Amino acid sequence: NLVSFSANVPGANSEARQSFLMKRMTIEGALHKALERSEFFLDYQPIGDPAAGRIVAVEALIRWRRCNGEIVRPDEFIPVAEEAGLISHIDEWVVRRACADLAAMHRAGLTDLRVSVNMAAPEFMRQTLPADLLAVTRAAGIEPEHLCLELTERMMMTQADTIIPVMHALRRQGFRISLDDFGTGYSSLARLKILPITSVKIDRSFIRGLPGDMHDRAIVRAMLELASDMRLAIVAEGVETLEQMEALAELGDPLIQGYLLGKPASPEQIVSAYSRRAWQPQVSAIA
Ligand code: C2E
Ligand code: MG
Ligand code: MG
Ligand code: MG
């Protein structure tokens with residue numbers, strides 16, 4: 001993320017660069033205060049099992065409501081938070097909030113639902129992460145198996161030597177780990193087998209071309225075959241149409257996430273849209 005963010009910096013001395021830097025400094029200053037003022041909130045997007053017609057998990061996605069009411073999406077401020085060294089504070093807030101919300105969703109009838117949380121590399125480099133997360137899940141009253149940590153392929157590869165041992169320790173405690181945006185990084189498929197992960201999320205850029213694009217079909221089929229050989233669960237991201245879902249069912253029947261199933265929504269909306277986790281794929285539950 002840091003790399004792609006820096007790559008976006010407009011050329012030196014240009015007016016564009018000046019206003020870019022101004023904007024970043026403004027966001028950075030405001031981010032410092034955002035945690036204290038509780039300006040962050042989480043939306044949850046369902047992950048479903050089409051064969052069973054049920055949702056199995058929700059992914060927590062952070063949003064920032066600024067004091068002027070504007071809602072800022074994570075792609076705009078997460079890279080800044082990473083550069084400013086604030087990402088760990090944010091990720092720690094997210095995981096506590098998500099575990100508390102999951103416990104409430106369990107009590108509201110969505111029993112056994114799991115929650116996925118996105119984590120940046122600095123969190124995954126901390127030796128104390130497994131113990132800290134155990135304390136968080138215990139306090140919330142959920143099991144480690146209910147919490148899945150999503151880590152992008154790109155982040156993993158930059159600090160693999162430090163991160164992989166922490167991943168093993170997390171697995172020993174029962175936490176799930178998912179490799180996010182799979183296919184967009186530089187790792188080879190072969191590397192997958194040395195990673196202590198429980199699932200892989202196929203990036204939505206490969207789903208977009210389904211069902212028509214022959215290349216996307218071939219890539220997705222290969223990914224699904226490999227994941228199932230390795231006994232990894234697989235989630236297809238960004239599924240927007242019934243045709244895409246049907247193509248996926250034919251190619252290997254992964255779990256799906258995307259606007260077809262539901263857009264990110266509040267815990268209350270999740271509870272009322274998916275009572276007892278049932279889901280009707282023909283109608284998008286949340287518009
Ligand atoms: P991600 O983890 O790959 O999350 C999926 C993103 O795709 C979300 O965008 C979601 O709203 C969007 N999406 C889901 N279904 C569809 C679809 O059918 N079509 C399209 N066009 N888009 C879809 P969002 O919420 O803007 O999040 C962007 C990224 O920000 C996330 O990508 C994740 O990498 C990062 N992020 C989000 N929350 C957190 C957080 O709490 N901590 C950290 N470190 N990163 C976060
Ligand atoms: Mg994710
Ligand atoms: Mg993703
Ligand atoms: Mg993504």
Side-chain angles (χ1 to χ4, degrees), residues 1-7 42 47 57 59-62 74-75 77-99 114-138 142-205 223 226-227 229-235 237 257:
N1 252 357
L2 228 136
V3 175
S4 66
F5 186 67
S6 308
L42 298 179
I47 297 170
E59 178 177 4
L61 295 162
I62 194 168
D75 285 335
F77 67 87
I78 292 289
V80 183
E82 280 175 12
E83 283 204 339
L86 289 168
I87 192 66
S88 291
H89 296 293
I90 294 177
D91 283 347
E92 281 158 32
W93 176 84
V94 169
V95 87
R96 275 199 307 274
R97 179 78 256 160
C99 289
R114 306 193 291 261
V115 72
S116 270
V117 167
N118 295 283
M119 271 200 181
E123 273 300 272
F124 263 97
M125 291 167 64
R126 235 162 19 89
Q127 307 300 312
T128 53
L129 181 67
D132 292 350
L133 289 180
L134 262 188
V136 171
T137 48
R138 266 200 201 119
I142 63 168
E143 302 298 321
E145 289 76 13
H146 286 135
L147 178 62
C148 180
L149 306 166
E150 293 192 7
L151 175 69
T152 65
E153 202 188 349
R154 220 178 296 262
M155 284 184 190
M156 236 238 55
M157 291 313 158
T158 53
Q159 301 287 343
D161 293 351
T162 317
I163 289 177
I164 291 176
V166 176
M167 291 169 82
H168 277 290
L170 288 165
R171 287 295 301 130
R172 281 195 295 274
Q173 303 288 355
F175 295 106
R176 293 174 198 255
I177 304 174
S178 192
L179 199 59
D180 203 354
D181 298 351
F182 184 66
T184 59
Y186 304 99
S187 68
S188 67
L189 291 176
R191 261 203 94 129
L192 269 187
K193 74 171 179 235
I194 64 156
L195 297 179
I197 55 177
T198 46
S199 62
V200 165
K201 300 184 81 171
I202 303 181
D203 191 70
R204 71 166 181 270
S205 55
M223 286 178 177
L226 183 88
D229 287 349
M230 290 177 167
R231 309 243 183 290
L232 293 173
I234 190 145
V235 180
E237 294 186 324
Q257 178 177 7

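Please read these numbers as outputs of a predicted model, since none were measured by experiment.
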| task | Using the side chain to side chain contact (heavy atoms under 4.5 Å, CB included) rule, pick out the option among Lys201, Glu237, Arg154 that qualifies with Asp181. | result | Glu237
| task | Find the distance between CZ (Arg114) and OG (Ser199) and round it off to the nearest 0.5 Å. | result | 8.0 Å
| message | Rounded to the nearest 0.5 Å, what separates atom CE in Met157 from atom CD1 in Ile163? | response | 9.5 Å
| task | Mind listing the closest non-hydrogen atom pair of Pro130 and Leu170 along with its distance? | result | CA-CD2, 3.7 Å
| note | Minimal heavy-atom distance between Met125 and Val166, with the atoms involved, is C-CG2, 4.4 Å
| Would you say Glu153's side chain and Gly183's backbone share a donor-acceptor pair under 3.5 angstrom? | yes
| remark: Closest non-hydrogen atoms of Thr137 and Cys99, given as atom of the first, atom of the second and distance, are CG2-SG, 4.1 Å
| query | So do the side chains of Val200 and Leu226 get within less than 4.5 Å of each other, counting heavy atoms only? | reply | no
| Should the heavy atoms of other residues, nucleotides or ligands under 6.0 Å from CD of Glu143 be counted, would the total exceed 12? | no
| Judged by atom type as modelled, is there a donor-acceptor pair below 3.5 Å linking the side chain of Thr198 to the main-chain atoms of Ile177? | yes
| request: Report the distance from atom CE of Met119 to atom CD1 of Ile90, rounding to the nearest 0.5 Å. | output: 12.5 Å
| request: Begin from the C-alpha positions of Trp93 and Leu42 and carry the test side chain to side chain contact (heavy atoms under 4.5 Å, CB included) through to its verdict. | output: CA-CA 10 Å; Trp93 176 84; Leu42 298 179; 4.0 Å; yes
| message | side chain to side chain contact (heavy atoms under 4.5 Å, CB included) for Val117 and Asp91? Distances and angles first, verdict last. | response | CA-CA 8 Å; Val117 167; Asp91 283 347; over 6 Å; no
| said: More than 12 heavy atoms of other residues, nucleotides or ligands under 6.0 Å from NE2 of His89: yes or no? | reply: no
| Is any side-chain heavy atom of Arg204 closer than 4.5 Å to a side-chain heavy atom of Gln257? | no
| request: Begin from the C-alpha positions of Ile62 and Ile78 and carry the test side chain to side chain contact (heavy atoms under 4.5 Å, CB included) through to its verdict. | output: CA-CA 9 Å; Ile62 194 168; Ile78 292 289; 4.2 Å; yes
| Which atom of Ile234 lies closest to which atom of Met223, heavy atoms considered | CD1-O, 3.9 Å
| query | Any side-chain heavy-atom pair from Pro196 and Met167 closer than 4.5 angstrom? | reply | yes
| remark: Here the pair of heavy atoms bringing Leu129 nearest to Phe124 is CD2-CA, 4.1 Å
| Side chains of Glu150 and Asn118: closer than 4.5 Å at any heavy-atom pair? | yes
| note | Here the gap from Leu179 atom CG to Thr152 atom OG1, rounded to the nearest 0.5 Å, amounts to 7.5 Å
| field | Distance in Å, Leu147 CG paired with Ser116 OG, rounded so as to fall on 0.5 Å steps | value | 8.0 Å
| Closest approach of Leu232 to Ile197 (non-hydrogen atoms, all atoms of both residues) | CD2-O, 3.2 Å
| query | If you measure from CD on Gln159 to CG on Leu151, what distance do you get to the nearest 0.5 Å? | reply | 11.0 Å
| query | Would you say the side chains of Arg126 and Thr128 form a donor-acceptor pair under 3.5 Å? | reply | yes
| side chain to side chain contact (heavy atoms under 4.5 Å, CB included) between Gln173 and Leu133: does it pass, once the steps are laid out? | CA-CA 9 Å; Gln173 303 288 355; Leu133 289 180; over 6 Å; no
